[in-house]
Enquirer: 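Have a look at this one.
Every heavy atom of this structure was used, including side-chain atoms; hydrogens, water molecules and symmetry mates were not. Given the structure is predicted, the values throughout are model-derived calculations rather than measurements.
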Amino acid sequence: MTEHEVDIVVIGMGLGGEYVAGQVAEAGLLVAGVEARLVGGECPYWGCVPSKMMIRAANLLAEGRRIPGMAGASAVRPDWAPVAGRIWAEATDNWNDQAAADRFTGKGGLLFRGHGTIAGPGRVAVGGDVLRARRGIVIDTGSAPVIPPVPGLAGTPYWTNHEAIEAEQVPDSLIVLGGGAVGSELAQAYSRFGAAVTVVESARRLLPAEEPEAGALLTKVFGREGIGVRTGSTAEHVAYDAGPGGRAGFTLTLGDGTEVTGSRLLVATGRRADLAAVGTGRVGIDESRPAVPVDDHMRAAPGVWAIGDVVGQGNFTHMATYHAEIAVADILGREHHPAEHHAVPRVTFTDPEIGAVGLTEAQAREQGLGVRVGLAPVPASARGWIHKAGNDGFIKLVEDSGRGVLAGATSAGPWGGEVLSMLALAVHARVPTRRLREMIYAYPTFHRAVEDALRAL
């Protein structure tokens, strides 16, 4: 074992960990960054960035198909090659992290490649190296896909989001197991490029973590686009046939005995942090927990900070970077606001986009809040009516009537994630709904539907 003494050890160099390591190194501390895969983590290589390149291309196809009846005639011929090429060249550099690694080491950081495990207070083991941290350890180990124990699944060449992003060709047909954000986004993108897609979700609706209206809207749009949706359906068995001449295929047997077939199977049934793999028990953090508990300065234990997915406040890049800012300030002894999680924004980048912030109506009622709800359809707004083709959407506001502020909101529709920004601010800053009603809303805009929803409260 070779020992190295540093000030800070960052386990996991995803975007949050990379930010912490870089900022602390720039402040003059000696930092060791530990990464088992690629510096930058999931987002730039298999998550937010390349998937949105796929979705951007798929949405262009959809817009082309909306030309008839609106602006003339069109003939749309999908081609996956530019999409795969852009992901390869622009997003991932063929899944090479050298630029990110050099950015960190150029600030004086020490990069250790391999799986990092906490060996004890202030100690991290990476292969044959032991890193001794004088100041502390930052955990940013993210999460990994949950692979359900469906009989027959293990050992088959199923996809996770990684294989779906790396694909060089569109499969003839695709089964998507899981109708959450990732499954829904990739299902629609692949369908628009010509795959016959079926989404299987065990919950009673798509996007089960969001408002019921969001799942219903997406089911309607998927049906119109020819995407099969099987909600309330459990996966009972998977069979894979390698087939002659490369004609491989999956058969998924559902709880009601029916079967769904596809040349590829994408498993998108959620993500989970693995505390045992990090060795959190050696610093007093229960490894059986689903997430690392932290205070509002991201402290998990004496000399230990945790950020991002592993904290359990949402598997989003923007949460990791938000936490990272707070952890850096705490490590360096700088003033900073404490972490708040009452207004976490999230966006499902389907078409229509579904943005949400704060509590759903059901969550607000479960917390015992007095709840009032305002709902406004986007097509009924002036901008929605003008937009016409592709104008599906709604605004839903969940008011804490006792305090007269929004506890949560959903913005579904064209650019729903962008319209969400004003609602995220309103929930975060606890702007009184009375003041929101008194605002001037530009006409004709999509965000003007917020005013309609306020009237419906």
Side-chain angles (χ1 to χ4, degrees), residues 51-52 54-71 74 76 176 179-193 197-199 201 204-229 231 345-357 360-361 373-398 408-423 441 443-454 456:
S51 69
K52 303 314 170 280
M54 292 170 57
I55 290 165
R56 165 63 173 155
N59 288 354
L60 285 173
L61 296 176
E63 281 294 283
R65 292 168 182 143
R66 289 167 180 155
I67 290 174
M70 292 283 289
S74 66
V76 177
V176 179
V182 172
S184 295
E185 289 178 359
L186 293 175
Q188 190 177 48
Y190 270 106
S191 172
R192 288 178 167 182
F193 271 92
V197 178
T198 302
V199 181
E201 169 57 52
R204 295 171 62 183
R205 62 178 187 268
L206 296 177
L207 303 183
E210 302 298 347
E211 295 283 9
E213 293 88 349
L217 175 66
L218 209 53
T219 298
K220 181 183 76 171
V221 171
F222 278 13
R224 194 166 64 217
E225 296 188 3
I227 300 172
V229 176
T231 54
R346 61 237 180 233
V347 181
T348 300
F349 290 90
T350 46
D351 176 15
E353 284 185 2
I354 298 172
V357 61
T360 63
E361 178 185 355
V373 172
L375 189 66
V378 167
S381 69
R383 181 63 182 277
W385 176 77
I386 292 166
H387 196 76
K388 196 173 181 178
N391 67 353
D392 304 274
F394 63 89
I395 300 291
K396 182 174 181 178
L397 307 179
V398 179
T410 297
S411 166
W415 301 286
E418 309 307 321
V419 174
L420 181 70
S421 63
M422 68 168 294
L423 297 172
Y441 294 78
Y443 181 93
T445 57
F446 284 115
H447 77 252
R448 194 172 169 89
V450 173
E451 187 177 37
D452 298 333
L454 284 164

Enquirer: Does the plane of the ring in Phe446 sit parallel, tilted or perpendicular to the ring in His387? Use 30° and 60° as the thresholds.
Expert: perpendicular
Enquirer: Closer than 4.0 angstrom, basic N to acidic O: yes or no for Arg66 and Asp351?
Expert: yes
Enquirer: Between Asp392 and Pro379, is there a side-chain heavy-atom distance shorter than 4.5 Å?
Expert: no
Enquirer: Show the numbers, then the answer: is there a side-chain contact (heavy atoms from CB on, under 4.5 Å) between Val450 and Leu423?
Expert: CA-CA 8 Å; Val450 173; Leu423 297 172; 3.9 Å; yes
Enquirer: What pair of heavy atoms forms the shortest contact from Gly179 to Val199, and how long is it?
Expert: CA-CG1, 3.8 Å
Enquirer: Quick one: closest heavy-atom pair of Pro68 and Ser74, and the distance?
Expert: CD-OG, 3.4 Å
Enquirer: Any donor and acceptor pair, going by atom type alone, linking the side chain of Ser381 with main-chain N or O of Val378 inside 3.5 Å?
Expert: yes
Enquirer: Got a second to check how far Ile354's CD1 is from Lys396's NZ, nearest 0.5 Å?
Expert: 12.5 Å
Enquirer: Set out, in order, the CA-CA distance, both residues' side-chain angles and the distance that settles side-chain contact (heavy atoms from CB on, under 4.5 Å) for Lys388 and Met70, then state yes or no.
Expert: CA-CA 9 Å; Lys388 196 173 181 178; Met70 292 283 289; 3.5 Å; yes
Enquirer: In Å, rounded to the nearest 0.5 Å, how long is the span from CH2 of Trp415 to CG of Leu420?
Expert: 16.0 Å
Enquirer: Could you grab the distance from atom OG1 of Thr350 to atom CG of Leu206, nearest 0.5 Å is fine?
Expert: 9.5 Å
Enquirer: Could you tell me if Asn59 and Arg192 have a donor-acceptor pair between their side chains, going purely by distance under 3.5 Å?
Expert: yes
Enquirer: Please check if the side chain of Glu353 supplies one atom and the backbone of Val347 the other of a donor-acceptor pair under 3.5 Å.
Expert: no
Enquirer: Can you give me the closest heavy-atom contact between Gly384 and Asn391, atom names plus distance?
Expert: O-ND2, 2.9 Å
Enquirer: How many angstroms lie between atom CG of Leu375 and atom CZ of Phe394, to the nearest 0.5 angstrom?
Expert: 6.5 Å
Enquirer: Considering only heavy atoms from C-beta outward, does the side chain of Val176 approach that of Thr198 to under 4.5 Å?
Expert: no
Enquirer: Of all the heavy-atom pairs spanning Ala57 and Phe193, show the shortest one and how long it is.
Expert: CB-CZ, 3.8 Å
Enquirer: How far apart are the C-alpha atoms of Thr410 and Glu211, what are their side-chain angles, what is the distance that settles it, and do they pass the side-chain contact (heavy atoms from CB on, under 4.5 Å) test?
Expert: CA-CA 8 Å; Thr410 297; Glu211 295 283 9; 3.4 Å; yes
Enquirer: Side chains of Met54 and Glu185: does their closest heavy-atom pair fall under 4.5 Å?
Expert: no
Enquirer: For Glu210 and Arg346, run salt bridge (Lys or Arg N to Asp or Glu O under 4.0 Å): C-alpha distance rounded to whole Å, both residues' side-chain angles, the deciding distance at 0.1 Å, then the answer.
Expert: CA-CA 10 Å; Glu210 302 298 347; Arg346 61 237 180 233; 3.0 Å; yes
Enquirer: Got a second to check how far Leu454's CG is from Ile395's CD1, nearest 0.5 Å?
Expert: 10.0 Å
Enquirer: Examine distances only and state if a side-chain atom of Ser184 and a backbone atom of Gly180 form a donor-acceptor pair shorter than 3.5 Å.
Expert: yes
Enquirer: Which atom pair, heavy atoms only, marks the closest approach of Ala449 to Ala376?
Expert: O-CB, 3.8 Å
Enquirer: Measuring from atom CZ of Arg205 to atom CG of Leu217, what distance do you get when rounded to the nearest 0.5 angstrom?
Expert: 13.0 Å
